Amino acid sequence: MALVLYNTLTRKKEPFEPLHKGKVGMYVCGVTVYDQSHLGHAKSAINFDVIVRWLRFRGYDVKHVTNFTDVDDKAIARANELGIGTLELTERMIAEYFRDMDALKVRRADVYPKASETVPEIIAMVKELIDKGNAYESNGSVYFSVRSAKEYGKLSRQSLDQLEAGARIEPGEDKRDPMDFALWKAAKPGEIAWDSPWGKGRPGWHIECSAMCLKHIGKTVDIHGGGTDLIFPHHENEILQSEACNGAPFVRYWMHNGMLNIDQEKMSKSLKNFFSIDEILKKARPEVVRFYLLNATYGAPLDYDEKSMDEAAKALERLQNTYDTMKAASSAARGTDDARTLCESSWKKLETSMDDDFGTRNAIAAMYDLARDANKLLSDGNLSAKGARNVADVLSRFNSVFDVLQEDGARRTVTASEAAVDLADPESMQSGRLTDEEISLWLARREAARKAKNFEYADMVRKKLAELGIEIQDAKDGATWKQR
RNA sequence: GCCGAGGUGACAGAGUGGCCAUGUGGCGGACUGCAGAUCCGCAAACGGGAGUUCAAUUCUCCCCCUCGGCCCCA
């Protein structure tokens, strides 16, 4: 089954065929670094993180580029407020961004170009656009002439005339046409600026992505991603610039992730209705945040509320329990079923889902089905040790793409000595860390007490262990325990 | 106004021309000394209207509603 993805350009799902066989050049629009990152940014980062991981899992050699917009009106304004340099502020924000995304287990892109470090390439591109007659200089600024483009609005399906009806030129601008946009902005006093053939100034917003794509990937990128809010005008303008400059198709597949809404409104910095990643991580583990976001469709808007995050936590708990249980059963299970058919069909379903425009939601559903059937086999006593291992392997493979299960949470069986008949006082349990042997000993004592129907003692042991962060569960073939 | 997406059971959210989504929650069971975990069963849906069809939640048309984009924004 071939990988199919939804292309915003054609509004259809298309079979994925990169320009060069086996290689994928992928560019994802990053953030403007003037403030903290919020859950909406996390959604984008995690959606594309999993997309990249799946492409790699499928054997593609992916070069993933994500930029930082560090030269920008808001960053300049914020830095001035704080009385620090623009790049000082943006460096700080970039560090925070990495801290946040690392916490969310987002794999790093291969390259993180910054606007401030791409100025020579940007200037070269602007020059070329002027030479080719697609741009013009005006009072130290350079604008792209939309009327010079062969076609306009193919991504967002906007008509230039329609747009112009509502547009107007801001006072102080020197555009020839209202829809023309700045490639290079003449410096204003107190702003960060670079020398250029048009005097001191700085790059416009859209041009940095075009320049970075060209520099780090080439004239044509296979996948260009970003939020749906960037479709117009940002991505539209990127197409105009890049195709006018390079004379080659700019992007083969446009992928856009849906916005995260809160109370029916887009979460955004300007609306001040956002949860910073910091805050979110106080409420939920990173794995839960990932699971919550991946349990939706990347391209659709997602409404956030605390209740749905809690639901995600509970649902994930089930998969985690199954994962832990299966790992424990990998040596203990006694049945005869090696669960091969089950594992194969579950994995097949996951692959089919992921190959269908990265259907993480259905992929997760496949894991639920696997968990249910495997748990049933186990509790019916039919699962073999090898079968448990097979199931754990599938979940582990799933996790290598989704990264939502904790690997060290294994529930452990007791390796108890039979001779543990002395019912020592649970109160004598040392606070601090117990060794595995000590835990086994206590569980053996408890087991002996249970057999003797001394439930008071058994409950006491369970309680004391719980106080030390050790959770135990009784099962048919003995208790298992887990460090919390 | 223009462009785009969408309306599915209590909630979240897939999908398909005729058969189970899935998860959380609810109800009833099994297991259990109790916890917990797990499993089984039940109830519960396809915005409204017309049409195509043997059959439509799934296709077509109309209507209603919601959301996003059109300054910045993942």
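Chain letters run A, B, ... following the sequence lines, proteins first, then strands; residues in each count from 1. Since the model is a prediction, treat every value here as computed from it, not as a measurement.
- We find that CG of A/Asp373 is positioned 14 Å from C1' of B/A21, with the value rounded to whole Å.
- Rounded to a whole angstrom, the distance from the P atom of B/G68 to that of B/C62 is 25 Å.
- Under the 3.5 Å distance criterion, the side-chain polar atoms of A/Asp357 are matched with a main-chain donor or acceptor of A/Tyr6.
- Only the C1' atoms considered, B/C42 is 31 Å distant from B/G48, to the nearest whole Å.
- Rounded to a whole angstrom, the distance from the P atom of B/G15 to that of B/G47 is 15 Å.
- OP1 or OP2 of B/A37 has not a single side-chain nitrogen or oxygen of A/Asn321 nearer than 4.0 Å.
- Remark: P of B/A74 and CG of A/Asn67 are 9 Å apart, rounded to the nearest angstrom.
- Taking the ring centre of A/Trp184 as origin, the terminal cationic atom of A/Arg202 falls outside the region bounded by 6.0 Å and 45° from the ring axis.
- Put simply, the side chain of A/Arg462 and the base of B/A35 share a donor and an acceptor less than 3.5 Å apart.
- Not a single donor-acceptor contact under 3.5 angstrom links the side-chain atoms of A/Asn261 to the base of B/G68.
- A sub-4.0 Å separation between OP1 or OP2 of B/A21 and a side-chain N or O of A/Arg372 is absent.
- Using a cut-off of 4.0 Å between Lys/Arg side-chain N and Asp/Glu carboxylate O, A/Glu91 and A/Lys114 are scored as salt-bridged.
- Atom C1' of B/G6 sits at a distance of 16 Å from the matching atom of B/A12, rounded to the whole Å.
- Using P as the reference atom, B/U58 and B/C19 are 13 Å apart when rounded to the nearest Å.
- The interatomic distance linking A/Met179 (CE) with B/C3 (P) rounds to 15 Å, in whole Å.
- For A/Glu311, there are no salt bridge (charged side-chain N to carboxylate O under 4.0 Å, His left out) partners at least two apart in sequence or on another chain.
- Regarding A/Lys307, its NZ atom lies at a distance of 12 Å from the C1' atom of B/G23, rounded to whole Å.
- For A/Phe232 and B/G69, the ring-to-base geometry does not satisfy the stacking test (centroid distance below 5.5 Å, interplanar angle below 30°).
- For the C1' atoms, the distance from B/G41 to B/C3 is 49 Å, rounded to whole Å.
- Between the P atom of B/C3 and the NE2 atom of A/His234 lies a distance of 24 Å, rounded to the nearest Å.
- Protein atom CG of A/Asn295 is 11 Å distant from nucleotide atom P of B/G23, rounded to whole Å.
- Outside the 6.0 Å centre-distance limit, the rings of A/His235 and A/His206 are not counted as a close aromatic pair.
- Contact of A/Asp474 with B/C34 (side chain to base): a donor-acceptor pair of N or O atoms is detected under 3.5 Å.
- At whole-Å resolution of the value, CZ in A/Phe455 and P in B/U32 are 12 Å apart.
- Ring to ring, A/Phe274 and A/His41 are not that close: their centroids are 6.0 angstrom or more apart.
- Two residues, A/Gly258 and A/Thr297, neighbour RNA chain B, and the one matched to the more 5' nucleotide by heavy-atom proximity is A/Thr297.
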Watson-Crick and G-U pairing of RNA chain B written in dot-bracket, each distance under 3.5 angstrom, with | for inter-strand partners: (((((((..(((.....[...))).(((((.......)))))....(((((..]....))))))))))))....
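- Contact annotation: A/Thr32 side-chain N/O to B/A74 OP1/OP2 distance is under 4.0 Å.
- A/Phe68 and A/Phe98 have their aromatic ring centers within a separation under 6.0 angstrom.
- B/C63 sits 33 Å from B/A21 when the P atoms are compared, rounded to a whole Å.
- For a distance-only test at 3.5 Å, the side chain of A/Arg318 fails to qualify as a donor-acceptor partner of the base of B/G23.
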Below 3.5 Å, can you tabulate the donor-acceptor pairs from side chains in residues 285-294 of chain A to any protein atom, sequence neighbours excluded?
from: A/Arg285; atom 1: NH1; to: A/Glu287; atom 2: OE1; distance (Å): 3.2
from: A/Glu287; atom 1: OE2; to: A/Lys105; atom 2: NZ; distance (Å): 3.0
from: A/Arg290; atom 1: NE; to: A/Phe402; atom 2: O; distance (Å): 2.9
from: A/Arg290; atom 1: NE; to: A/Asp403; atom 2: O; distance (Å): 3.2
from: A/Arg290; atom 1: NH1; to: A/Asp49; atom 2: OD2; distance (Å): 3.2
from: A/Arg290; atom 1: NH1; to: A/Leu104; atom 2: O; distance (Å): 2.8
from: A/Arg290; atom 1: NH1; to: A/Lys105; atom 2: O; distance (Å): 3.0
from: A/Arg290; atom 1: NH2; to: A/Asp49; atom 2: OD2; distance (Å): 2.9
from: A/Arg290; atom 1: NH2; to: A/Phe402; atom 2: O; distance (Å): 3.1
from: A/Tyr292; atom 1: OH; to: A/Asp303; atom 2: O; distance (Å): 3.1

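- Taking atom C1' in both B/G23 and B/A30, one finds a spacing of 22 Å when rounded to whole Å.
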